[in-house]
Asks: 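Once you've had a glance at the structure underneath, I'll fire off some questions.
Because only heavy atoms are used, hydrogens play no part in the values below, and waters and symmetry mates are left out as well, while side chains stay in. So you know, we letter chains A, B, ... as the sequences are listed, proteins then strands, and number each from 1.
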Amino acid sequence: MPLSPAPAIETRELRKQFGRIVALTGLTMTVRRGEVFGFLGPNGAGKTTAVKLLLGLSAPTAGEGRVLGAPLGDLATRQRIGYLPELFRYQGWMTAREVLALHCELARLPRSGWPAEINEALELVGLADRSNDRVETFSKGMQQRLGLGVALLGEPDLVVLDEPTSALDPVGRQDVRAIIGVLRARGATVFLNSHLLTEVERVCDRVAIVDRGRVVAELGMAELLRDNGVRVLVTGLPDVEAIAGRFGQTRLDGEWLVVDSIADEAVPALVAELVARGGAVHAVVPARHTLEERFLSLLAAAPDAGRRDGAADIAPDAGRRDEAADTAPDGPARDTAPDGPAPGAGRDTGPDTAPDAAAPGSQEARP
Amino acid sequence: MNRGAILVIARLALREAFRRRLLWALVGLTLLMVVVTGWLFGKAAELNPLEGGERQLILSQLLVMIAFMFSFVLTMTAAFAASPAIGPEIENGLLLAVLARPVRRSDVLLGRWLGLALVVVGYALAAGYMELAVAQLMTGYVPVDPMVAPFYLAGESLILLTLALVFSTRIAPVASGSIAVVGFGLAWMGGIAGGIGDYLNNDALRNAGTIAHLILPSDTLWRGAMYALEPPPDVLAAAGSQARIFTVSPFFAGTPPPLPWLAWCAVWIAATLAIGILLLRRREL
């Protein structure tokens, strides 16, 4: 029986100190092979520092870690890792194709395979028709796409994406989700460092929430968001809360009846009771926490939570998700983009005359 | 050390020099310099009524002055090409993507040094030989060691290139370039002080020159270039007392640099690069 491969990432009490400033107190986490792993935390939590330690770009002050079974910083292992830095720039005087060729060479990929690797990466990130343009003419969003292309070269076993959607518009973000889907299908492990909680919620299998340099929670997304509750759209029952009260804690959320802490097997009985009392049941959906709610509650529960001021910096892009709107017609809320059309398909990445000037969301010319 | 990665980074530096038109600017400057100095040599040859050793001495001084200007241009080029080579690439994230590959920090530093050194040395040799050819064509003057002089100038620029590159691992490009240029000036002054010390048999001045040559040996190589551009010893001997006025000039070197001092230049470059690697390794990205 073959030995199971080592975890993609494994760290134990990894610590990083810059002078008197402790960026990471003691990072302990495990990322399994083939999963999409979200790495979350407020600004200043040490996320980017952790990424740099994992990639050998910075040396830990204490602790240990292994990436793809090798010690941190192992040179040969870096051939199997793709990386999109958070703050990055590529040689502006080179074309997109030349940048990709440079990284093929730096990654020591066989020269005969370069054209196919480069073309595939360009297609995947939607830059095929800008491949011979200089990078300095690219908007920030297009540079981020190029960065993604660089990270995908050589079919890496581990892809580390540090804020991959920070400069992208909604279409670009959907493309990134699709690319992560492609990587998942290839069996690659994706380590996603992002403060856009909706993105993480949509694509990740598991997450670690890090606060002041320590993992405060590491668990599966389903487990993280599970609420043991149900939301029922019911009309014709003025005293609906009282009727449903024996099934669990109830409250009204607009037209929706929310029943918390109800066992799954009790849901049919609840619906039968509401119908029997003359109510019209229009929809029944499982209630879930949003990632943002769970994120904030986990941070609030962490020791010394009152001393933190960074949690408010997390992008409030998730808000309280209206589960019914997301899930009632088609079922689960999990984004299905990875199975959708090829990312970047039909994209017009035509002349972009405002290099580096475009704000997120305005960087690509689109039909 | 990873030779493959060093060569990739060196090639990248060369391509950047071409693409960013650094080389074309240098070629343009060289052509301009050749035209101007060619005219100058032509006039010197026409108007000079002197014969023999004194004529040779005057032409050699003219050539040394032009070489001094050229060495200054070379130094500036080396310092300002190297001073933004590392620091800004760390700050703008360019090196993050490179160093996440199987590339060591030492590979980046040595690769950048090699690429820029090829640009600067190539330019020094091409422009230097072209200038010597123009001088010979216009005046017939052939210095004592014309083939070696451009190598000394190239070596001098390598010293400053190395200094600016190593400083660029830690400080801003403007500061790094400025330090290299000021260092060039101080080393030159130190060399002059040492020369005066030799002439006056003054130990303090002589030691100042020696210390300057130890700390930054660019002047050692400049003095080698001067010597190589001077007339052959027999011409100087024939000029007799007329030559004496030139021998006390700061633009005159009576002897070529001793071999140990040339070896020190090579050691200095290697040691400074080693310090640069250490500084870069310790820098947080």
Asks: Is B:Glu16 close to chain A through its backbone or its side chain, or both, or neither, when contacts mean heavy atoms under 4.5 Å?
Replies: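 The answer is both parts of B:Glu16.
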Asks: Does a salt bridge link A:Glu163 with A:Arg173, judged by any charged N lying under 4.0 Å from a carboxylate O?
Replies: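 Looking at A:Arg173 together with A:Glu163, the answer is no, because their closest N to O distance does not fall below 4.0 Å.
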Asks: Non-hydrogen atoms of chain B under 4.5 Å away: do they reach the side chain of A:Leu57, the backbone, both or neither?
Replies: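 Looking at A:Leu57, backbone and side chain both touch chain B.
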Asks: Could you tell me how the ring of A:Phe191 sits relative to the ring of A:Phe39: parallel (under 30°), tilted (30 to 60°) or perpendicular (over 60°)?
Replies: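 It falls in the tilted class, 30° to 60°.
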Asks: At a 4.5 Å cut-off on heavy atoms, which part of B:Arg105 comes close to chain A: side chain, backbone, both, or neither?
Replies: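 It is the side chain, since no backbone atom gets that close.
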Asks: For A:Tyr90, is it the side chain, the backbone, both, or neither that has a heavy atom closer than 4.5 Å to a heavy atom of chain B?
Replies: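 It is both, since atoms from each part get that close.
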Asks: So which part of B:Leu95 gets closer than 4.5 Å to some heavy atom of chain A, the side chain, the backbone, both or neither?
Replies: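 Nothing of B:Leu95, per the 4.5 Å heavy-atom cut-off to chain A.
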Asks: Of the options B:Phe70, B:Tyr129, B:Trp24, which is the one that meets B:Tyr123 in a ring-ring contact (aromatic ring centres under 6.0 Å, His included)?
Replies: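 The ring-ring contact (aromatic ring centres under 6.0 Å, His included) with B:Tyr123 is passed solely by B:Phe70 among B:Phe70, B:Tyr129, B:Trp24.
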Asks: Please classify the contact of B:Arg281 with chain A as side chain, backbone, both or neither, using a heavy-atom distance under 4.5 Å.
Replies: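 No part of B:Arg281 comes within 4.5 Å of chain A.
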Asks: Which bit of A:Gln79 comes within less than 4.5 Å of chain B, counting heavy atoms only: side chain, backbone, both or neither?
Replies: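 Both the backbone and the side chain of A:Gln79 come within 4.5 Å of chain B.
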Asks: Need one label for A:Gln91: side chain, backbone, both or neither, based on atoms under 4.5 Å from any heavy atom in chain B.
Replies: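 Both parts, heavy atoms under 4.5 Å.
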Asks: Go through the atoms of A:Arg80 and report whether side chain, backbone, both or neither lie under 4.5 Å from a heavy atom of chain B.
Replies: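 Neither; nothing under 4.5 Å.
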Asks: Below 4.5 Å from any heavy atom of chain A, which atoms of B:Ala100 appear? Answer side chain, backbone, both or neither.
Replies: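 It is both, since atoms from each part get that close.
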Asks: For A:Gln17 and A:Arg15, does a side-chain donor sit closer than 3.5 Å to a side-chain acceptor?
Replies: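 Checked: A:Gln17/A:Arg15 side chains pair up, N/O donor to acceptor below 3.5 Å.
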Asks: A:Glu35 and A:Thr189: side chain to side chain donor-acceptor pair (under 3.5 Å), yes or no, with the steps?
Replies: CA-CA 5 Å; A:Glu35 71 181 359; A:Thr189 306; over 6 Å; no
Asks: With distance as the sole criterion, is a donor-acceptor pair present between the side chains of B:Ser71 and B:Trp222 under 3.5 Å?
Replies: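 Their side chains do not contain a donor-acceptor pair, so the 3.5 Å distance test is not met.
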Asks: Should the ring pair B:Phe72 and B:Phe184 be called parallel, tilted or perpendicular, given that the plane angle runs from 0 to 90° and is split at 30 and 60?
Replies: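 Judged by the thresholds at 30° and 60°, the geometry between B:Phe72 and B:Phe184 is tilted.
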